[in-house]
Amino acid sequence: MGSNLADPVQQVRRAREALARLPDTRLHKCSHLYRTRPVGGVAQPDFINAVAGIVTGLSPEALFAALLEIEARAGRCRARETRWGPRTLDLDLLLFGDLALRSGDLEIPHPRLGERAFVLAPLAEVAGDWLLPTGQSVAAAWAQCPDRGAVERLVDA
Ligand SMILES: Nc1ncnc2c1ncn2[C@@H]1O[C@H](COP(=O)(O)OP(=O)(O)OP(=O)(O)O)[C@@H](O)[C@H]1O
Ligand SMILES: Nc1nc2c(c(=O)[nH]1)N=C(CO)CN2
């Protein structure tokens, strides 16, 4: 989950609640919230990022459609956006068990998952043992991440 517009902490908290309300789905484990420096070369406010681990009976496609719906309800308008620009709410589907999938507009694991401190820090809390395509665990990738200074864990969020 990521947000850097319109009260980002609240956006992420509300997104977490929306995930918990999805049909046939429960929250398993949530990371802390992190304040993170923007990645991608666009001048914009810091982001709030977090990762939620869920248990769901939904298919990957149905879950992805539900994520897009939650983004839209948060006021996100994809048509007005620039790549790697500011977002009211961005919900990426990082992992789905051990599934590897590439179909149309959905790729799992998320292709840029292992490169990003703003993903690795919260993901290490939820799925530290998960092995990246490189064979390295998420926890190890986070421990060796050159951008550790770009993310700050918020204490009570
Ligand atoms: N696992 C995934 N989770 C989220 N989006 C995905 C995934 N796989 C493919 N996509 C596609 O990526 C496209 C860009 O999504 P989005 O606008 O959220 O990207 P972004 O946040 O700017 O950049 P990034 O994809 O690098 O996080 C979407 O059209 C979406 O269909
Ligand atoms: N730190 C951080 N940077 C970003 C993020 C994000 O969630 N966190 N999302 C982006 C949208 O593509 C672009 N840059």
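Counting starts at 1 for both ligands and their atoms, following the listed order.
Atom CZ of Arg35 sits in a sparse spot, with 12 or fewer heavy atoms from other residues, nucleotides or ligands closer than 6.0 Å.
The protein heavy atom nearest to atom 4 (C) of ligand 2 is Phe47 CE1, 3.4 Å. In this structure, atom 23 (O) of ligand 1 lies nearest to the protein heavy atom Trp84 NE1, 3.5 Å. Atom 10 (N) of ligand 1 has its closest protein heavy atom at Asp105 O, 3.2 Å. The protein heavy atom nearest to atom 22 (O) of ligand 1 is Arg87 NH2, 2.5 Å. Ranking protein heavy atoms by distance to atom 15 (O) of ligand 1, first place goes to Arg78 NH1, 3.7 Å. From the protein, the heavy atom lying nearest to atom 8 (N) of ligand 1 is Glu107 N, 2.8 Å.
Within ligand 1, the atoms closer than 4.0 Å to a non-hydrogen atom of Arg116 are 24 (P), 26 (O), 27 (O), numbered from 1 in the order shown. Taking every non-hydrogen atom of Asp90 and a distance limit under 4.0 Å, the qualifying atoms of ligand 1 come out as 18 (O), 21 (O).
Considering both main-chain and side-chain atoms, Glu71 never comes within under 3.5 Å of ligand 1 through any nitrogen or oxygen pair. For a threshold of 3.5 Å applied to N or O pairs, the pair formed by Asn49 and ligand 2 contains at least one separation below that value. Checked by distance only, ligand 1 and Glu81 stay at 3.5 Å or farther apart across all their nitrogen or oxygen atoms. For a threshold of 3.5 Å applied to N or O pairs, the pair formed by Val39 and ligand 2 contains at least one separation below that value. For the pair Arg37 and ligand 2, the shortest N or O to N or O distance falls below 3.5 Å. Backbone and side-chain nitrogen or oxygen atoms of Arg83 are examined, and none is located within less than 3.5 angstrom of a nitrogen or oxygen of ligand 1. Here's the thing with Leu93: one of its N/O atoms is less than 3.5 angstrom from an N/O atom of ligand 1.
Between Leu106 and Ile108 the shortest side-chain heavy-atom distance falls below 4.5 Å. Residues Leu19 and Met1 have side chains in contact (heavy-atom distance under 4.5 Å, counting atoms from C-beta outward). Considering only heavy atoms from C-beta on, Val55 stays 4.5 Å or farther from Thr25 through its side chain. Val51 is listed as a side-chain neighbour of Ser31, based on a closest heavy-atom distance under 4.5 Å.
There is no protein heavy atom closer than 4.0 angstrom to atom 13 (C) of ligand 1. Per-atom contact check: atom 25 (O) of ligand 1 touches the protein, criterion being a heavy-atom distance below 4.0 Å.
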Side chain to side chain contact (heavy atoms under 4.5 Å, CB included) between Val151 and Asn49, worked out: CA-CA 9 Å; Val151 312; Asn49 287 111; over 6 Å; no

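Taking 4.0 Å as the cut-off between side-chain N and carboxylate O, Arg87 and Glu71 do not count as a salt-bridged pair.
With a 4.0 Å cut-off on non-hydrogen atoms, Phe64 touches ligand 1 through its side chain and not its backbone. Under 4.0 Å from ligand 1, the heavy atoms of Arg76 that appear belong solely to its side chain. At a heavy-atom distance under 4.0 Å, atoms from both the backbone and the side chain of Trp84 approach ligand 2.
Of the possible donor and acceptor atoms, one in the side chain of Asn4 sits under 3.5 Å from a partner among the backbone N and O of Pro45.
Of all non-hydrogen atoms in Gly85 and Val42, the two that sit nearest each other are CA-CG1, 4.3 Å.
In this structure, Pro38 has a heavy atom closer than 4.0 Å to ligand 2.
In this structure, Lys29 NZ and Ile54 CD1 are separated by 15.5 Å, a value rounded to the nearest 0.5 Å.
Judged as a side-chain hydrogen bond (donor to acceptor under 3.5 Å, both in side chains), and not counting sequence neighbours, the contacts of Asp92 are His110.
Residue Leu33 forms a side-chain contact (heavy atoms from CB on, under 4.5 Å) with just one option from Arg16, Arg153, Glu152, and that option is Arg16.
A single hydrophobic cluster is not seen to contain both Leu63 and Leu123; linkage of ILVMFWY side chains at heavy-atom distances under 4.5 Å, directly or through other members, places them apart.
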